[in-house]
Undergrad: 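Okay, here's the structure, questions in a sec.
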2 protein chains.
Amino acid sequence: MSTIRDVAKLAKVSVATVSRVINESGYVNVKTKQKVEEVIEELDYRPNDVARSLFKGKSKMIALFVPDIMNPFFPELARAVEDITNKHGYTFILCNTDNDNKKEMAYMNALLQKSIDGMILVSNTMTASQIKDTKVPIISLDRKTRSDLISVTVNNREGARQAVGYMKELGCKRIAHIAGPDSASSARSRMEGYLNEVQEEKWFSNSFIRAGNYSIDEAYKVTKTLLKDNPNIDGIFVANDLMAVGVLKAAASLKIKVPDELSVISFDGIKLGETTSPALTTMAQPIYHIGKRAAEILLEKIEKPGTVIQSEEHQVQLIIRESTREKRLKE
Amino acid sequence: MSTIRDVAKLAKVSVATVSRVINESGYVNVKTKQKVEEVIEELDYRPNDVARSLFKGKSKMIALFVPDIMNPFFPELARAVEDITNKHGYTFILCNTDNDNKKEMAYMNALLQKSIDGMILVSNTMTASQIKDTKVPIISLDRKTRSDLISVTVNNREGARQAVGYMKELGCKRIAHIAGPDSASSARSRMEGYLNEVQEEKWFSNSFIRAGNYSIDEAYKVTKTLLKDNPNIDGIFVANDLMAVGVLKAAASLKIKVPDELSVISFDGIKLGETTSPALTTMAQPIYHIGKRAAEILLEKIEKPGTVIQSEEHQVQLIIRESTREKRLKE
DNA sequence: TAGTGTTATGTAACCCGTTACATAAACGCG
DNA sequence: CGCGTTTATGTAACGGGTTACATAACACTA
């Protein structure tokens, strides 16, 4: 690999001049510039980014923290962030945290030592004190952490309320909820929205709520006991699509017909929900869009440190597919 | 951020001594070491990895190139590679190439400028000449590129043969094939395996083969015309699970019952195949395992440049679910 | 013509670790 | 006691860029 000094020598100029040519900064005579560019071509010279980073204290790298890229919600987010940051010349680092605060902190420290320029977190566990002395821009995505990070989220509470409201419109009389992990703000908000809609109903009972952890298997288990304990349930609002797959399986194993005997509505709008049978009715998030926005905001913070930036809350949208019963005009 | 010189000054030693303490190299007196460690603690000193990288010419970063992380085959691969490399102290970079050779080369050049230590490619398009002068270790994963890269793959031809063989055992008499993109070596091998099994059959016709591109939508389209043109087809071997979802949809839209009227078998063994209805019978790859092996081999090449390393071909395994008909002892 | 501004280029310090090499004290042994 | 070895520590070059500052030629203006 040739260096800037090799180029300078061959072009019979100083390294400063070569640097000016590369960066199109300062004054360089047209003929000199041409000569330097010829030599760069000849030597196939590429500036060493590490040396640049060292001097500038910036690396042109950003990181995305997700619990687990194997959870189908995250690839779309990751893709969005990678698309945007790549377009701006940044390198994209992916970190799987398993919701483990130790892992998160280990990644964070390692990345700071590499002069990372910014991070986007999908995290529950990060606390304010853990990031308060970090001067690197950080954005929270999908969830709100216990800190004052700028966040890009969706309107979980209202979305949940609408989902449950829709089931009520359909004529469901006993609507249960498979909740997400209490540690996730998104899960708590969705539960709130559910409670908003059902708490005042005479039929409502706390035993209609079961805790899941956003995974298929756990949802399968808790739904089975839920439905055994409460055979009269005719609707379930599931905190995410992935768990809804478990719910569908549980219903099938109990020979409960969806949607005829049981309506299922969930949240997220991942592709997977189109392929189940019945296909999932769901409150869809603009997943790619929020990932994109988080990346855009992060880059804004990195490149124009002054500008004031606000958190964003995006809208969700009901997608009616097959897991909810048809609306009956008359009962 | 404090530097090694700050530490040296406060501990009243030279930077070389501090460096020795950090790296546990060379001779350092026990008391000196203690003193230095105290100062490091006090200043919360963390060595700057960029400076290290510059001197060493290594970055402790590796990259994985995939066509698109949103394709459900790749997250598991990515997770495996990230798990292994992270455990060894490497930072994991993800690149979505969209099978675009231009994008691949752009990523590659950018990463080389960052002193990347190694790369794992899931690529069709990379040619030998494009990587021949790269001194950085590169492994090909899932596919074989047109080059002499070491690769970690599965036995696609034989797996396909077995899949088709299994359908014949089930009594299928006319087996079609939805193929993957001809540019992918995996797709070509699977087609070969299919041909091996069916070419000699009297019923075989070239019109039984339709080209897909490993995506749901395209598979849906071509399957529809396939089944309309050839109503007597009673089995389809689909080159990957994702396309099988499209096949299932096409069959459903034509009111063809799977598996009663049509058996469907595919390839990959992604989680998605468990959630469709009917669940997919498939030739499962050890996805996480091959990702893990690719990462392990890469690290071996990075850390012990001398050792000779061989390509690996792993075995696939038939997983019988619901999309293939029951075996009948007698017809 | 002195003074100011613009253009052009070079020198060397700087970013922050690592390590080759130099120096020197302490130790072991014949 | 003298010499080789082990232990301990420091100095300074190095990796490969960037940029503040110095210098100088030249144009233009008062």
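In what follows, every chain begins at residue 1, and chains take the letters A, B, ... in the order their sequences are listed.
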Undergrad: Can you tell me the distance, in whole Å, between the NZ atom of B:Lys33 and the P atom of D:dT9?
TA: 12 Å

Undergrad: What residue pairs, at least two apart or across chains, pass side-chain hydrogen bond (donor to acceptor under 3.5 Å, both in side chains) with a residue in residues 27-45 of chain A?
TA: A:Asp44-A:Arg46

Undergrad: Expressed in angstrom and rounded to an integer, what is the separation of B:Lys35 atom NZ from D:dT9 atom C1'?
TA: 17 Å

Undergrad: Could you check whether atom NZ of B:Lys271 has more than 12 heavy atoms from other residues, nucleotides or ligands sitting under 6.0 Å from it?
TA: no

Undergrad: Does C:dT9 have OP1 or OP2 under 4.0 Å away from a side-chain N or O of A:Thr32?
TA: yes

Undergrad: In residues 50-58 of chain A, what residues come within less than 4.0 Å of DNA chain C, judged by heavy atoms?
TA: A:Leu54, A:Phe55

Undergrad: Check every strand shown and say whether A:Lys12 touches a base, only sugar-phosphate, or nothing at a heavy-atom separation below 4.0 Å.
TA: sugar-phosphate

Undergrad: Please confirm whether the backbone N or O of B:Arg52 pairs with a side-chain atom of B:Lys58, one donor and one acceptor, at under 3.5 Å?
TA: no

Undergrad: Whole angstrom is fine here: how far is it from CZ in A:Arg5 over to C1' in D:dT19?
TA: 13 Å

Undergrad: Between A:Asn48 (CG) and C:dC15 (P), how many Å, whole number?
TA: 18 Å

Undergrad: We want to know whether A:Ser19 and A:Asn23 form a side-chain donor-acceptor pair, criterion being a heavy-atom distance below 3.5 angstrom.
TA: yes

Undergrad: Under 4.0 Å, heavy atom to any atom of DNA chain C: which of residues 14-29 of chain A qualify?
TA: A:Ser14, A:Val15, A:Ala16, A:Thr17, A:Arg20, A:Tyr27, A:Val28, A:Asn29

Undergrad: Check the side chains of B:Glu104 and B:Ser123 for a donor-acceptor pair under 3.5 angstrom, ignoring hydrogens and angles.
TA: yes

Undergrad: Just the rounded figure in Å: distance from P of C:dG17 to CZ of B:Arg46.
TA: 13 Å

Undergrad: Tell me if a side-chain donor or acceptor on A:Arg188 pairs with a main-chain N or O of A:Ser183 at a distance below 3.5 Å.
TA: yes

Undergrad: Checking A:Asn96 side chain against A:Ile69 main chain: does a donor-acceptor pair fall under 3.5 Å?
TA: yes

Undergrad: Take the protein atom CE of B:Met1 and the nucleotide atom C1' of C:dC16, then report the distance between them rounded to whole Å.
TA: 13 Å

Undergrad: Please indicate whether B:Lys103 has more than 12 foreign heavy atoms, meaning atoms of other residues, nucleotides or ligands, lying under 6.0 Å from its NZ.
TA: yes

Undergrad: Is B:Asn86 reaching over with its side chain to a backbone N or O of B:Asp83, donor-acceptor style, under 3.5 angstrom?
TA: no

Undergrad: Let me know the distance between NZ of A:Lys60 and C1' of D:dG17, rounded to the nearest Å.
TA: 16 Å

Undergrad: Without decimals, in angstroms, what is the distance between A:Ile4 CD1 and C:dC15 P?
TA: 18 Å

